[in-house]
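Note sheet for the following structure.
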Amino acid sequence: MKQLIRFTAVGVFFAVGAFMQAQPSRGGGGPGRPSSFISTFPVTIALDTNKDGVISAGEIDAAETSLRKADKNGDGKISADELTPNFGGPGGFGGRSSSRGRVGRGGDRGVESEMERIPPEKLDFKDGVASIPDLKTFETLSYQGPEVMVDTHLADWKFVKFQIEDVGKGEPIIYFINTKTHRGHPFFMRKIGIARGDGSMRGVLVYRPLKKAPNGEPGMFTFEYEPNDRYPFERIKLSYEMLTRHMPHLEGRLGYYPMPRARPVYFEEKTLYDAAEFPVVLDEDLESDIGFLPLNAAESFGRLRLMEPGELPSSRDVVVYKTLPNEMPRVAGVITAVRQTPLSHVNLRAIQDGVPNAFVTGAVENKAIASLAGKWVYYKVDQNGYELREATEAEVDKHFAGIRPAKPQAPKRDLSVKEVRPLDKIGFGDSAVFGVKATNLATLHTLDFPDGTVPSGFAVPFHFYDAFMEHNGLYDKARAMLGSESFRNNRDEQVKQLNAFRKRVEAAAMPGWMMDGLAKLQAAFPEGQGIRCRSSTNNEDLPGFSGAGLYDSFTHKPDEGHLAKSIQQVYASLWNFRAFEEREFYRIDHFATAMGVLVHPNFADEAANGVAVTDDILYQTKGNYYLNTQVGEDLVTNPDADSIPEELLLNWWRPGEHKVMRRSSLAKGGALLLSAKHLAQMNECLGKIHSRFAKLYGKSLDDKKFAMEIEYKVTKTGVLAIKQARPWVYLVVTFAALGAFPI
């Protein structure tokens, strides 16, 4: 389980005081050092959560949570280095001072410069510009990273600082600061000869890629001022007009973000803001109305296709979907016009295949995207947005030649076990016999969960599948099919022949000994009990390769006769086109791939189903589990077109703390689908699962590239049941992780 970091607030304050007394004076600050220095101190930054310059009683009570921000290396302690403010880097106190002039003690306030102010149009680009003609210039001027000094809320956001001068003193002028050079306004002001006065407004222009802009397109900009500034509406309106005039790209994309001290002014003048041409974005608005989501950050090449329902894409297609398909073969990249869940089979496929995947609002109608339809393109997704440009066929060929393995691969399979075994007789190390899905579920039984949390059941070994295929000569028939010229050279023919082959597998006869063994297995379940038969191969649920959605599972109903019917349906799914194509791309031997079957009671009429990950894999917050839940049997992994699952972030350390990111579109009255009791139980289960499987997979507890993905249900009687656990796929497939070896 993740280890709790505990801090003692009083002890930290004593440490702060001792540290401050030991520090040498900076610039004559002495014992009466200015509060601007105090406000840059890491501990006070962490505690002063509302950035008002005062640490309130409530913020002291919340110190344990807040102080984790000061623990930069995550070791559970705050070291002397972590107590030291970072004034280094571009434009910091440790940087070089300007030879052109200086601003007096106190940095920049109330002291006239000794040099003449440089007008915006005469700035050296390394210092700033008078206007930003395009996004490329914004990118060049912007900074994104941890070195934000006192502006801790800007860490890892892309931003450009700006300064408006001579407000109320004549014709205002605007400076856009090269924020890579000058992280703070005072250093820029010192360099170009600006003194702080009543006519100076110091702001920040922030790019928010996930937020839908006022014009409906993905990617919004917001502007804000310093924490203690409380400008009236007329000055904010002036700011908007100057920003959009000198950066035309901001038209239809810009909103005002009032800092905490400015919020009361906004509410006092709300009537004026409501009538303005620009929106106001409050803290509670930042995570709503999402216009872009980078589901998988990657880059690729392919032919851009606007997909219609029922069309089949190829492995070299970058596909644009109006709705999210329930299943999809291998593609070169994915764009959807409806918001996805990161836990859908489509996204898991994108992650394991290493292809870019994003939700882009209005993608189908987007003129820039539509203009590239039918053309070869380069497609890239990252946290700041997406890039789509025309490419050459040579670029495409080179890309695919570089990502496909050069040698054939063969996953491990062990055919030595010849009988069905109950899960309590199977261990984690038996995956080469029964498949990872079965052995991981068996491992869950060892974690001391409440009765009923993990289904009891059985596993049918790979030997049964191999014997069944040999008994019916199906291996020889498959080899003949794959070797035929029509199959090799025609993708439509592949789909057709694989469909016919699956029907042959489902209709084939089982040997008598196998029928007897499966009949005995079926008799182990109560009469009238539905039996779930789930695929468990040596080609899925592995570190670096989930195989999610490649194979099919089936429920054997009480009136369907012998269990062999459903077992053969699972066997046939090994020859799905999507699974065949995935193995073919990675040169995985189709005949070394084996199908086991995990068998347990079926969950019928469940109240909810969901998927959780033991890390926040979407919003990238620290110390949270990520949960998706939906009503009934509308699967989170394969949702209906208009289905929006519930999204929660569940605190690692405090089971009672959670944050609702989205509510389910199917929940009555917007109610949460998981009760407080379920969330507390989920918190405990996820911690145990992460801890145990990290050890089994040889990972440390704080490994940032390891997490577990869990499928769960809430039964109709209100019981939380965990039905699957597998490693979350952070990385593109590696064949060492697959347990594969060259043929």
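The figures that follow rest on heavy atoms only: side chains count, while hydrogens, waters and symmetry mates do not.
- Scanning both residues, Lys161 and Asp151, for their nearest heavy atoms gives NZ-OD2, 2.5 Å.
- Of the candidates Val613, Leu627, Asp615, Leu627 is the only one forming a side chain to side chain contact (heavy atoms under 4.5 Å, CB included) with Leu686.
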Before you tell me yes or no, could you show the steps for Asn366 and Thr361 under side-chain contact (heavy atoms from CB on, under 4.5 Å), namely the whole-Å CA-CA distance, both residues' side-chain angles and the distance that decides it to 0.1 Å?
CA-CA 9 Å; Asn366 187 298; Thr361 185; over 6 Å; no
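- The shortest side-chain heavy-atom distance between Tyr712 and Met682 falls under the 4.5 Å cut-off.
- Considering only residues two or more places apart in sequence or on other chains, Glu217 meets the salt bridge (Lys or Arg N to Asp or Glu O under 4.0 Å) condition with Arg253.
- Aromatic ring orientation, Phe278 versus Tyr273: perpendicular (interplanar angle above 60°, classes split at 30° and 60°).
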What verdict does the salt bridge (charged side-chain N to carboxylate O under 4.0 Å, His left out) test give for Arg263 and Glu284, after you've listed the backbone C-alpha separation in whole Å, the side-chain angles of each residue and the deciding distance to 0.1 Å?
CA-CA 12 Å; Arg263 282 175 64 109; Glu284 52 266 35; 3.5 Å; yes
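- A donor-acceptor contact closer than 3.5 angstrom is absent between the side chains of Tyr619 and Asn624.
- Among residues two or more places apart in sequence or in another chain, the salt bridge (Lys or Arg N to Asp or Glu O under 4.0 Å) test is passed with Asp289 by Lys212.
- Ring orientation note: the planes of Tyr379 and Tyr386 are nearly perpendicular, at an angle over 60° on the 30°/60° scale.
- Using a 30° and 60° split on the angle between ring planes, Tyr697 and Phe706 fall in the tilted class, from 30° to 60°.
- Residues passing the salt bridge (Lys or Arg N to Asp or Glu O under 4.0 Å) test with Lys270, sequence neighbours excluded: Asp274.
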